[in-house]
Structures are given as C-alpha cells and as structure tokens.
Number of protein chains: 2
Amino acid sequence: MSQCCEGDLECPCPPIGLIDVVGKKWAVCVVSLLGKYGTVRFGPIQHCLSGVSPATLTSTLRSLEREKLIRRVFVDGARGPVQGYTLTPSGNQLYQSLLPLAGWLRSA
Amino acid sequence: MSQCCEGDLECPCPPIGLIDVVGKKWAVCVVSLLGKYGTVRFGPIQHCLSGVSPATLTSTLRSLEREKLIRRVFVDGARGPVQGYTLTPSGNQLYQSLLPLAGWLRSA
DNA sequence: CGGAATCCCATACGATACTG
DNA sequence: CAGTATCGTATGGGATTCCG
C-alpha cells in the first residue's frame, strides 16, 4: 500500500489504511446506523442495508472490528443473551466527524 | 446497485452512488488537495500521491468530473496555457464537510 | 508534461447453500 | 437468528507503453 504523500505540496491526505476501511461500500452505512441507534444486531443491520449478503456484511463488520471502530456486545434478550454491535469511543468519534459528510451526501 | 435502505429502522445511510465516488481510494485525497491549494495540475497531484499510476489518477479525476465535484481549468503558463483541476462549488461544499473526517482520520 | 490504451491481478461484492 | 463456506463476477488499481 503506497504512502501518501511525498511531493512538494504539503499533503492534506488521510492515511490510506483507514481510507480502505471507511471506503468499503457499507462501512459508512454501518457506522451511521450504530451511531444513530446505539446497539444493533446482525439481522436488522442486514435488513436495513437492503439485504446485503451475509458474507459481505460479515466482512465489513470484521474490518471495522479490526480497526476498533465497533465491537460486539451481548445484551439480555427474552431467551438468553444475544449479540449486537455498537460503536467504540473511537468509532463514535468517527461517527461525529462523519455527520457533516453524511448530511452533504444525502443532500447532494 | 442495491438501494439502502428498506428495513424497519429509519436509514441514516448516504446514497450508494456517491459513496462509490468518495470511497475511491484517492478521491478524498484529490478533493483535499484541491481544497487546500485551489488549482493543481496533473503532475503535482500525481507526485503528491506518491506516484499513483496515471491510469488510476485519470480514472479518479474523471469520476469526480462526472459528479461535477471538480472541473478542468486552463491557466496561463510561461509557454502558453496549461491545464489544471479545481473544485466546483459543489466540490467545495464536499471539501468543507470532509474536513472533520479528514482531521479525525489523520489523528486516529 | 498530460494523459490514453492495454494488460493483468487482487479483491470487494453478490448469490447460494449450509451449520450451530 | 447469526453467521461460515464456496464460488463466480465485476472492477478498482498498478505497471507499462505510447502519443500529441
């Protein structure tokens, strides 16, 4: 993965590694969803994203986990604990700084 | 391109089409660069992005042009007019709403 | 210098089937 | 319900070459 940047201009570019994570097709959606609703389980996330394939969603969730932007949590359901996903503090910072962009994207 | 969103949760996700543009590996870098420096030519952009291949850079620039986020301009150089790229008003709005995210990405 | 054309590869993504 | 496994395709992106 090449590094940005090495030119004469001072580089305003974010690190490529995080771009790769945030740039994943559904990553921004998942972060926005968790930011808005707190803890969400696998099924509702998948349903909200119009039936994205479970493999793809899992891949997105795992990469977000690796970057410590989300984490798995267990909540008490009617029949025992169930899993869910929620933002880490770092993920919540991302969510906050993502809000203006998300707003602009929707209005553009 | 599947649509987001159709679940019970109200969807906070931005449109997928623009995600695809902004999510391109170098798109955020280019927008940040033009936002900071105004008009920049092909060469300096490429150099600043650590020698990204011309094909890739061209692809990025074209997709940004299609979305009317940047446009080509001609400026008077020493030996006749030369080309450059600059943000459109819409692109500048994107740049503004991108600043918090770019800042967070760099600090994360 | 500013690209366009071509080739090639890695992988993101979707579809489907299956498991605990 | 919450994934995992497998497969196939589309395409983003790098390397190289060539052109005005």
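Note on naming: letters A, B, ... go to the chains in the order of the sequence lines (proteins, then strands), and numbering restarts at 1 for each one. Note that these values count all heavy atoms, side chains included, but never hydrogens, waters or copies made by symmetry. Every value quoted in this text rests on a predicted model; they were computed, and no experiment measured them.
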Before giving the answer on side-chain contact (heavy atoms from CB on, under 4.5 Å), spell out for B:F42 and B:T58 the whole-Å C-alpha distance, their side-chain angles and the decisive distance to 0.1 Å. CA-CA 9 Å; B:F42 191 94; B:T58 296; 3.8 Å; yes
In a table with atom names and distances, give each donor-acceptor pair under 3.5 Å that connects a side chain of residues 90-97 of chain B to protein atoms at least two apart or in another chain.
{"residue": "B:Q93", "atom": "OE1", "partner": "A:W104", "partner atom": "NE1", "Å": "3.2"}
{"residue": "B:S97", "atom": "OG", "partner": "B:Q93", "partner atom": "O", "Å": "3.1"}
{"residue": "B:S97", "atom": "OG", "partner": "B:L94", "partner atom": "O", "Å": "3.1"}

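- If you take CD of A:Q46 and P of D:dG3, they are 10 Å apart, rounded to a whole angstrom.
- For A:S53, the side-chain contact (heavy atoms from CB on, under 4.5 Å) partners at least two apart in sequence or on another chain are A:A55, A:T56.
- Applying the side-chain hydrogen bond (donor to acceptor under 3.5 Å, both in side chains) rule to A:R62 yields the partners A:E65; only residues at least two apart in sequence or on another chain are considered.
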Tell me, with the steps shown, if A:Y85 and A:L34 meet side-chain contact (heavy atoms from CB on, under 4.5 Å). CA-CA 7 Å; A:Y85 295 88; A:L34 298 188; 4.1 Å; yes
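- When rounded to the nearest whole Å, the span between CG of B:D20 and P of D:dA10 equals 16 Å.
- No more than 12 heavy atoms of other residues, nucleotides or ligands sit less than 6.0 Å from atom NZ of B:K68.
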Going 5' to 3' through nucleotides 1-8 of chain C, assign each nucleotide B (protein heavy atom under 4.0 Å from a base atom), S (under 4.0 Å only from sugar-phosphate atoms) or - (no protein heavy atom that close). SSSBBB--
Each nucleotide N or O in nucleotides 10-13 of chain C that has a protein N or O under 3.5 Å away: list the pair and distance.
{"residue": "C:dC13", "atom": "OP1", "partner": "A:K25", "partner atom": "N", "Å": "2.7"}

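- At a threshold of 4.5 Å between non-hydrogen side-chain atoms, the residues B:V30 and B:L33 do not count as touching.
- Side-chain atoms of B:T86 come within 3.5 Å of backbone N or O of B:G38 as a donor-acceptor pair.
- In this entry the distance linking CG of A:L49 with P of C:dA15 reads 13 Å, nearest Å.
- When all heavy atoms of B:L98 and B:S32 are compared, the pair lying nearest together is CD2-OG, 4.4 Å.
- Counting heavy atoms from C-beta on, the side chains of B:P44 and B:H47 never come closer than 4.5 Å.
- Across the helix from C:dC1-D:dG20 to C:dG20-D:dC1, the helix axis at one end is tilted relative to the axis at the other end by 40° (nearest 10 degrees, each axis from five pairs).
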